[in-house]
Amino acid sequence: MSRTPVTVTVTGAAGQIGYALLFRVASGQLLGPDTPVRLRLLEITPALSAAEGTAMELDDSAFPLLTGIDITDDPDVAFDGANVALLVGARPRTKGMERGDLLEANGGIFKPQGRAINGHAADDVKVLVVGNPANTNALIAKAAAPDVPAERFTAMTRLDHNRALSQLSKKTGAPVDQISRLTIWGNHSATQYPDVFHAEIAGKSAAEAVDEAWLADEFIPTVAKRGAAIIEARGASSAASAANAAIDHVHTWVNGTKEGDWTSMAVPSDGSYGVPEGLISSFPVTTANGSYEIVQGLDINAFSRARIDASVRELAEEREAVRGLGLI
Ligand SMILES: NC(=O)C1=CN([C@@H]2O[C@H](COP(=O)(O)OP(=O)(O)OC[C@H]3O[C@@H](n4cnc5c(N)ncnc54)[C@H](O)[C@@H]3O)[C@@H](O)[C@H]2O)C=CC1
Ligand SMILES: O=C([O-])CC(=O)C(=O)O
């Protein structure tokens, strides 16, 4: 274990996802059992003490791979030398807040963080935005970091992907590891489109194993509204499953997708599948050697086209809104 530590910056470190995420990063589940990590935790000033408490617990876990922890409320310090940046902290929507207010409040967080990444992160930085509205927050951070290659800014739809895998597994009885080529398209919101038309179960068409009524009336709404269902049931938004998906997202980005399979990541569009260039939209992607590529050439049927277009339209509206606010 003589490798140089990888610097992982986590924002919102004192929040509930942070609490579920940091121990897994420190234990080696993010980057693998041979990669030491240095954690840099960013919090707002009033939450620094709580972040320090979490750091004490990280110390008390005596993780062999954890070489150090820094805690700060200054983004320039937090992103200094960051190889992996997990942007979790965000301003939640509160009562009476309009969507524009939410986008503006988050612009106040993700614009300075994008600038700090631009000025201080390592040349190979990989950014995952988890904080909602994740796709548009990633767009704001990307716009504030013109010196970082745009493709390094991604947003999380892996939780939606995992939710879709699990629902399809329950319906068909197939174990999740026999299901491949599922796709989440579009926005991490209720308009997202979980697509099984290219998915396979043990190498056979998944779409043929289910009927269209189940897809339209149960599968798609269950996956798309799962976040709200968790809030309703738990009284708090999903945290451990979100942290798990963040681990999966970065682990796959760094270590590669399985032969013959792909995953879902929200990445800057290159115009593929009619998604306007630059929007951070979820696509099927393969990864290898620390890079990803959007899977090309899939046939999109009319059922899928309408749903992809609806979610992409929402992303375009969010982009217009943040443009109007001068955030990009
Ligand atoms: N993309 C996805 O699939 C999912 C996204 N989320 C989103 O993740 C975000 C975090 O969720 P939780 O951890 O449950 O929230 P939380 O409210 O428990 O924690 C958020 C933390 O971020 C901190 N924070 C706020 N502004 C900050 C700033 N400028 N810099 C650094 N830290 C800051 C807060 O002090 C707080 O400790 C939320 O926006 C939530 O909606 C949650 C689940 C899934
Ligand atoms: O709405 C939220 O904060 C939670 C969320 O994104 C999800 O669980 O997918």
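We count ligands from 1, going down the list as the structure has it; atoms in each ligand are counted the same way.
A donor-acceptor contact closer than 3.5 angstrom links the side chains of Ser272 and Gln296. No side-chain donor from either of Asn244 and Arg158 sits under 3.5 Å from a side-chain acceptor of the other. Using a 3.5 Å distance cut-off with no hydrogens or angles, the side chains of His188 and Ser282 do not pair a donor with an acceptor. Asn187 and Glu314 share a donor-acceptor pair across their side chains, judged by distance under 3.5 Å alone. No hydrogens or angles considered: nothing links the side chains of Asn132 and Asn137 as a donor-acceptor pair under 3.5 Å. Checked by atom type, the side-chain pair Thr183/Trp262 shows a donor-acceptor distance below 3.5 Å. Looking at Ser304 and Tyr193, their side chains do bring a donor and an acceptor atom within 3.5 Å of each other.
The side chain of His188, and not its backbone, has at least one atom closer than 4.0 Å to an atom of ligand 1 (non-hydrogen atoms only; side chain from C-beta on). The proximity of His188 to ligand 2, defined as any non-hydrogen pair under 4.0 Å, is limited to the side chain. Of the heavy atoms in Arg234, none comes closer than 4.0 Å to ligand 2. Looking at Ala242 against ligand 1, only its side chain comes within 4.0 Å, counting heavy atoms. At a heavy-atom distance under 4.0 Å, atoms from both the backbone and the side chain of Ile17 approach ligand 1. Within the 4.0 Å heavy-atom criterion, the part of Gln113 lying near ligand 1 is the side chain and not the backbone.
Looking at atom 20 (C) of ligand 1, its nearest protein heavy atom turns out to be Gly15 CA, 4.1 Å. Of all protein heavy atoms, the one lying nearest to atom 40 (C) of ligand 1 is Asn132 ND2, 3.7 Å. The shortest contact between atom 4 (C) of ligand 2 and any protein heavy atom is with Ser237 CB, 3.8 Å. Of the protein's heavy atoms, Leu42 O, 3.6 Å lies nearest to atom 31 (C) of ligand 1. Remark: minimum distance from atom 1 (N) of ligand 1 to any protein heavy atom is reached at Val130 O, 3.3 Å. Closest to atom 35 (O) of ligand 1 among all protein heavy atoms lies Glu43 OE1, 2.7 Å. Ranking the protein heavy atoms by distance from atom 15 (O) of ligand 1 puts Gln16 CG, 4.4 Å first. Summary of contacts: the protein heavy atom closest to atom 9 (C) of ligand 1 is Val88 O, 3.2 Å. The protein non-hydrogen atom at the shortest distance from atom 32 (N) of ligand 1 is Gly12 N, 3.3 Å.
Here the closest non-hydrogen pair linking Ser241 and Leu159 is O-CD1, 3.6 Å.
When the shell of 6.0 Å around CG of Asn289 is examined, it contains 12 or fewer heavy atoms from other residues, nucleotides or ligands.
Distances below 4.0 Å separate heavy atoms of Leu159 from the following atoms of ligand 1: 3 (O), 44 (C). Taking a cut-off of under 4.0 Å to the non-hydrogen atoms of Ser238, the atoms of ligand 2 that pass are 7 (C), 8 (O). Listed by atom number, the atoms of ligand 2 under 4.0 Å from Arg163 heavy atoms are 7 (C), 8 (O), 9 (O). Taking every non-hydrogen atom of Gly227 and a distance limit under 4.0 Å, the qualifying atoms of ligand 2 come out as 7 (C), 8 (O), 9 (O). In the vicinity of Asn132, heavy-atom distances shorter than 4.0 Å reach the ligand 2 atoms 1 (O), 2 (C), 3 (O), 5 (C), 6 (O). Set against the non-hydrogen atoms of Ser238, the atoms of ligand 1 under 4.0 Å away are 43 (C).
Looking at Asn135, its side chain never comes within 3.5 Å of a backbone N or O of Leu315 through a donor-acceptor pair.
In this structure, atom 17 (O) of ligand 1 has its sub-4.0 angstrom surroundings free of protein heavy atoms.
Classified by interplanar angle (parallel below 30°, tilted 30° to 60°, perpendicular above 60°), the ring pair Tyr273/Phe283 is tilted.
A salt bridge (Lys or Arg N to Asp or Glu O under 4.0 Å) with Arg40 is found for one member of Asp73, Asp74, Asp70 and no other, namely Asp70.
Between Ala14 and ligand 1 there is a heavy-atom distance shorter than 4.0 Å. Put simply, no part of Met156 is less than 4.0 Å from ligand 2, judged by heavy atoms. The closest approach between a heavy atom of Ile230 and any atom of ligand 2 is not below 4.0 Å. Residue Ser237 places a heavy atom under 4.0 Å from ligand 1.
Taking the side chain as every heavy atom from C-beta outward, Glu200 and Ile179 never approach each other to under 4.5 Å.
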Do Lys126 and Val250 pass the side chain to side chain contact (heavy atoms under 4.5 Å, CB included) test, and can you show the C-alpha distance, the side-chain angles, and the key distance before you say yes or no?
-> CA-CA 8 Å; Lys126 288 179 165 60; Val250 174; 5.6 Å; no
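Not a single N or O atom of Asp160, backbone or side chain, sits closer than 3.5 Å to an N or O atom of ligand 2.
Phe303 does not carry Arg305 over the face of its six-membered ring by the limits of under 6.0 Å from the centre and within 45° of the normal.
Residue nearest to atom 29 (N) of ligand 1, selected from Ile109, Leu102, Leu21: Ile109 (by heavy-atom distance).
Cluster membership check: Leu279 does not share its hydrophobic cluster with Leu103, using side-chain heavy-atom separations under 4.5 Å among Ile, Leu, Val, Met, Phe, Trp and Tyr.
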